[in-house]
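Quick caveat: nothing in here was measured; it's all calculated off a predicted structure.
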Amino acid sequence: MKKYIIFIASFILFLSCEPRIEMDMSQWGDHAYIDNVEIIKLETDDEAKLQEYYTNETPLAVTGVRHIIITNGTAKIDSVNFVATVKLKAGENLQYAGFKIYHKGTKVEPVNGSPKAGIVSDLSAKSFTYRLKSADKSQHDWTIIIE
(Lines give C-alpha, C1' and ligand atoms only; values in the text may rest on other atoms or scores of the structure.)
Protein backbone atom coordinates (compact mmCIF):
# COMPACT_ATOMS: atom_id res chain seq x y z
CA MET A 1 0.00 0.00 0.00
CA LYS A 2 2.86 2.39 0.82
CA LYS A 3 4.36 1.74 -2.62
CA TYR A 4 1.14 2.87 -4.31
CA ILE A 5 0.94 6.06 -2.25
CA ILE A 6 4.59 6.87 -3.00
CA PHE A 7 4.03 6.12 -6.69
CA ILE A 8 0.93 8.36 -6.88
CA ALA A 9 2.67 11.20 -4.99
CA SER A 10 5.72 10.91 -7.27
CA PHE A 11 3.52 10.90 -10.36
CA ILE A 12 1.64 14.04 -9.22
CA LEU A 13 4.93 15.76 -8.39
CA PHE A 14 6.31 14.80 -11.81
CA LEU A 15 3.27 16.24 -13.59
CA SER A 16 3.47 19.52 -11.66
CA CYS A 17 7.10 20.07 -12.76
CA GLU A 18 6.27 20.53 -16.43
CA PRO A 19 7.26 23.88 -17.97
CA ARG A 20 4.67 26.66 -17.69
CA ILE A 21 3.03 28.09 -20.77
CA GLU A 22 3.66 31.82 -21.29
CA MET A 23 0.64 34.02 -21.81
CA ASP A 24 0.23 35.40 -25.31
CA MET A 25 0.04 39.14 -24.65
CA SER A 26 -0.70 39.93 -28.31
CA GLN A 27 -4.27 38.76 -27.78
CA TRP A 28 -5.01 41.96 -25.86
CA GLY A 29 -4.33 44.20 -28.86
CA ASP A 30 -3.08 47.75 -29.01
CA HIS A 31 -4.16 49.74 -25.93
CA ALA A 32 -1.44 52.41 -25.96
CA TYR A 33 -4.03 55.18 -26.13
CA ILE A 34 -4.80 58.03 -23.75
CA ASP A 35 -8.39 58.32 -22.52
CA ASN A 36 -8.04 61.60 -20.62
CA VAL A 37 -5.43 63.95 -19.14
CA GLU A 38 -5.85 66.18 -16.09
CA ILE A 39 -3.46 68.70 -14.57
CA ILE A 40 -3.19 68.65 -10.80
CA LYS A 41 -1.59 70.76 -8.11
CA LEU A 42 -1.04 69.97 -4.46
CA GLU A 43 -2.91 71.78 -1.74
CA THR A 44 -1.60 71.59 1.81
CA ASP A 45 -4.11 72.10 4.58
CA ASP A 46 -2.49 72.70 7.96
CA GLU A 47 -5.87 72.55 9.68
CA ALA A 48 -6.61 69.01 8.48
CA LYS A 49 -4.72 66.50 10.59
CA LEU A 50 -4.69 62.76 10.16
CA GLN A 51 -4.48 61.18 13.59
CA GLU A 52 -4.68 57.49 12.76
CA TYR A 53 -1.29 56.38 14.08
CA TYR A 54 -0.14 56.55 17.66
CA THR A 55 3.40 56.35 19.02
CA ASN A 56 3.73 55.64 22.73
CA GLU A 57 0.09 56.67 23.23
CA THR A 58 0.80 60.12 21.80
CA PRO A 59 -1.08 60.99 18.58
CA LEU A 60 1.11 61.65 15.55
CA ALA A 61 -0.42 64.49 13.53
CA VAL A 62 0.22 64.44 9.78
CA THR A 63 -0.56 67.49 7.64
CA GLY A 64 -3.23 66.84 5.02
CA VAL A 65 -2.20 67.15 1.35
CA ARG A 66 -4.56 66.57 -1.55
CA HIS A 67 -4.60 66.81 -5.34
CA ILE A 68 -6.64 69.64 -6.82
CA ILE A 69 -7.59 69.35 -10.50
CA ILE A 70 -6.89 72.61 -12.33
CA THR A 71 -8.03 71.63 -15.84
CA ASN A 72 -11.22 72.85 -17.41
CA GLY A 73 -13.30 69.84 -18.51
CA THR A 74 -11.93 66.75 -20.23
CA ALA A 75 -8.98 66.75 -22.60
CA LYS A 76 -9.45 66.78 -26.37
CA ILE A 77 -7.98 63.47 -27.57
CA ASP A 78 -6.75 63.00 -31.16
CA SER A 79 -6.11 59.25 -31.47
CA VAL A 80 -4.93 59.52 -35.08
CA ASN A 81 -2.10 62.02 -34.49
CA PHE A 82 -1.57 60.98 -30.84
CA VAL A 83 -2.18 64.44 -29.37
CA ALA A 84 -4.01 65.28 -26.14
CA THR A 85 -4.97 68.94 -25.65
CA VAL A 86 -5.74 70.07 -22.11
CA LYS A 87 -7.44 73.38 -21.22
CA LEU A 88 -6.29 75.06 -18.04
CA LYS A 89 -8.63 76.98 -15.73
CA ALA A 90 -8.11 80.75 -15.86
CA GLY A 91 -5.49 82.14 -13.51
CA GLU A 92 -3.83 78.83 -12.63
CA ASN A 93 -0.05 78.57 -12.29
CA LEU A 94 1.84 75.74 -14.00
CA GLN A 95 5.02 76.15 -11.98
CA TYR A 96 4.03 73.47 -9.42
CA ALA A 97 1.70 71.16 -11.33
CA GLY A 98 1.63 67.58 -12.59
CA PHE A 99 -0.21 65.29 -15.02
CA LYS A 100 -2.75 62.57 -14.36
CA ILE A 101 -2.82 60.41 -17.49
CA TYR A 102 -5.76 58.02 -17.84
CA HIS A 103 -4.98 55.07 -20.14
CA LYS A 104 -5.35 51.31 -20.63
CA GLY A 105 -1.72 50.68 -21.56
CA THR A 106 0.89 48.90 -19.47
CA LYS A 107 3.48 51.66 -19.13
CA VAL A 108 3.88 55.43 -19.53
CA GLU A 109 7.40 56.75 -20.11
CA PRO A 110 8.39 60.43 -20.30
CA VAL A 111 10.28 61.31 -23.51
CA ASN A 112 12.61 64.25 -24.30
CA GLY A 113 12.90 65.49 -20.72
CA SER A 114 9.19 65.48 -19.92
CA PRO A 115 8.41 65.17 -16.19
CA LYS A 116 7.09 61.88 -14.83
CA ALA A 117 3.31 61.66 -14.71
CA GLY A 118 1.85 62.20 -11.26
CA ILE A 119 4.91 64.10 -10.00
CA VAL A 120 4.52 67.82 -9.35
CA SER A 121 7.03 69.84 -11.41
CA ASP A 122 7.20 72.89 -13.68
CA LEU A 123 4.81 72.54 -16.67
CA SER A 124 5.44 76.04 -18.06
CA ALA A 125 6.74 74.59 -21.37
CA LYS A 126 3.11 73.60 -22.18
CA SER A 127 4.10 70.75 -24.57
CA PHE A 128 5.29 67.33 -23.41
CA THR A 129 5.84 63.90 -24.97
CA TYR A 130 5.05 60.54 -23.38
CA ARG A 131 5.49 57.02 -24.79
CA LEU A 132 2.61 54.67 -23.99
CA LYS A 133 3.25 50.94 -24.25
CA SER A 134 0.69 48.21 -24.62
CA ALA A 135 0.70 44.56 -23.54
CA ASP A 136 1.13 43.41 -27.15
CA LYS A 137 4.40 45.46 -27.33
CA SER A 138 2.88 48.21 -29.48
CA GLN A 139 3.75 51.77 -28.49
CA HIS A 140 2.80 55.32 -29.43
CA ASP A 141 4.45 58.66 -28.65
CA TRP A 142 1.79 61.04 -27.38
CA THR A 143 2.12 64.82 -27.23
CA ILE A 144 0.26 66.58 -24.41
CA ILE A 145 -0.40 70.27 -25.12
CA ILE A 146 -1.62 72.68 -22.44
CA GLU A 147 -3.79 75.60 -23.59
Side-chain angles (χ1 to χ4, degrees), residues 7-56 58-147:
F7 174 74
I8 291 172
S10 303
F11 184 70
I12 291 172
L13 181 64
F14 176 74
L15 288 178
S16 66
C17 293
E18 289 185 21
R20 305 263 183 214
I21 298 173
E22 292 295 322
M23 185 175 190
D24 180 17
M25 298 305 261
S26 64
Q27 69 180 332
W28 299 106
D30 183 4
H31 289 285
Y33 290 93
I34 290 178
D35 295 328
N36 192 17
V37 178
E38 292 178 333
I39 301 174
I40 59 167
K41 70 177 181 179
L42 296 180
E43 180 181 83
T44 304
D45 188 3
D46 291 332
E47 298 298 321
K49 302 288 184 184
L50 304 174
Q51 297 182 350
E52 298 175 1
Y53 300 99
Y54 295 87
T55 306
N56 297 332
T58 304
L60 176 65
V62 180
T63 303
V65 177
R66 63 182 179 166
H67 288 170
I68 304 295
I69 298 170
I70 59 173
T71 50
N72 193 8
T74 58
K76 181 182 170 191
I77 306 296
D78 180 359
S79 297
V80 175
N81 298 315
F82 307 112
V83 176
T85 306
V86 184
K87 290 189 178 188
L88 193 64
K89 288 181 182 177
E92 292 293 343
N93 185 4
L94 289 173
Q95 194 170 9
Y96 300 107
F99 287 117
K100 268 186 160 181
I101 301 174
Y102 297 90
H103 63 93
K104 293 183 182 81
T106 57
K107 190 172 186 178
V108 176
E109 293 178 336
V111 180
N112 300 330
S114 296
K116 290 185 179 181
I119 305 297
V120 174
S121 56
D122 186 8
L123 300 182
S124 299
K126 295 190 175 187
S127 180
F128 303 94
T129 305
Y130 292 89
R131 180 169 294 137
L132 269 76
K133 295 184 178 184
S134 188
D136 70 344
K137 298 199 173 42
S138 59
Q139 61 185 20
H140 303 292
D141 287 350
W142 281 82
T143 303
I144 297 176
I145 298 171
I146 302 172
E147 291 184 341

Whether [X] side chain and [Y] backbone form a donor-acceptor pair below 3.5 Å:
| X | Y | value |
| --- | --- | --- |
| W142 | A32 | yes |
| S134 | G105 | no |
| D78 | V83 | no |
| D141 | T143 | no |

(message) Side chains of L94 and L88, heavy atoms from C-beta outward: is any pair under 4.5 Å?
(response) yes

(message) Any non-hydrogen side-chain atom of V86 less than 4.5 Å from a side-chain atom of E147?
(response) no

(message) Is it the case that the ring center of Y33 lies less than 6.0 angstrom away from the ring center of H140?
(response) yes

(message) Pair F82, I34 - check side-chain contact (heavy atoms from CB on, under 4.5 Å), show working.
(response) CA-CA 8 Å; F82 307 112; I34 290 178; over 6 Å; no

(request) Please report the C-alpha distance between Y102 and E38 in whole Å, then the side-chain angles of each, then the deciding distance to 0.1 Å, and finally whether the side-chain contact (heavy atoms from CB on, under 4.5 Å) criterion is met. (result) CA-CA 8 Å; Y102 297 90; E38 292 178 333; 2.9 Å; yes

(message) Checking H67 now: which residues fulfil side-chain contact (heavy atoms from CB on, under 4.5 Å) with it, not counting sequence neighbours?
(response)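 Counting only residues at least two positions away or on another chain, H67 forms a side-chain contact (heavy atoms from CB on, under 4.5 Å) with I40, L42, K100.
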
(message) Would R131 and V108 count as a side-chain contact (heavy atoms from CB on, under 4.5 Å) here? Give the steps.
(response) CA-CA 6 Å; R131 180 169 294 137; V108 176; over 6 Å; no

Can you name the nearest heavy-atom pair linking [X] to [Y], along with the distance?
| X | Y | result |
| --- | --- | --- |
| G98 | L123 | N-CD1, 3.8 Å |
| I70 | A97 | CD1-CB, 4.3 Å |
| T71 | K89 | O-CE, 3.3 Å |

[atom1]/[X] to [atom2]/[Y] distance, rounded to the nearest 0.5 angstrom?
| X | Y | atom1 | atom2 | result |
| --- | --- | --- | --- | --- |
| K133 | D30 | NZ | CG | 13.5 Å |
| Q139 | T106 | CD | OG1 | 10.0 Å |
| Q95 | S121 | CD | OG | 11.0 Å |
| T129 | I145 | OG1 | CD1 | 9.0 Å |
| H31 | H103 | NE2 | NE2 | 12.5 Å |

(request) Apply ring pair (Phe, Tyr, Trp, His ring centres under 6.0 Å) to Y130 and list each qualifying residue two or more places apart in sequence or on a separate chain. (result) F99

(request) Mind running side-chain contact (heavy atoms from CB on, under 4.5 Å) on I144 and I101 for me, showing each step along the way? (result) CA-CA 10 Å; I144 297 176; I101 301 174; 3.8 Å; yes

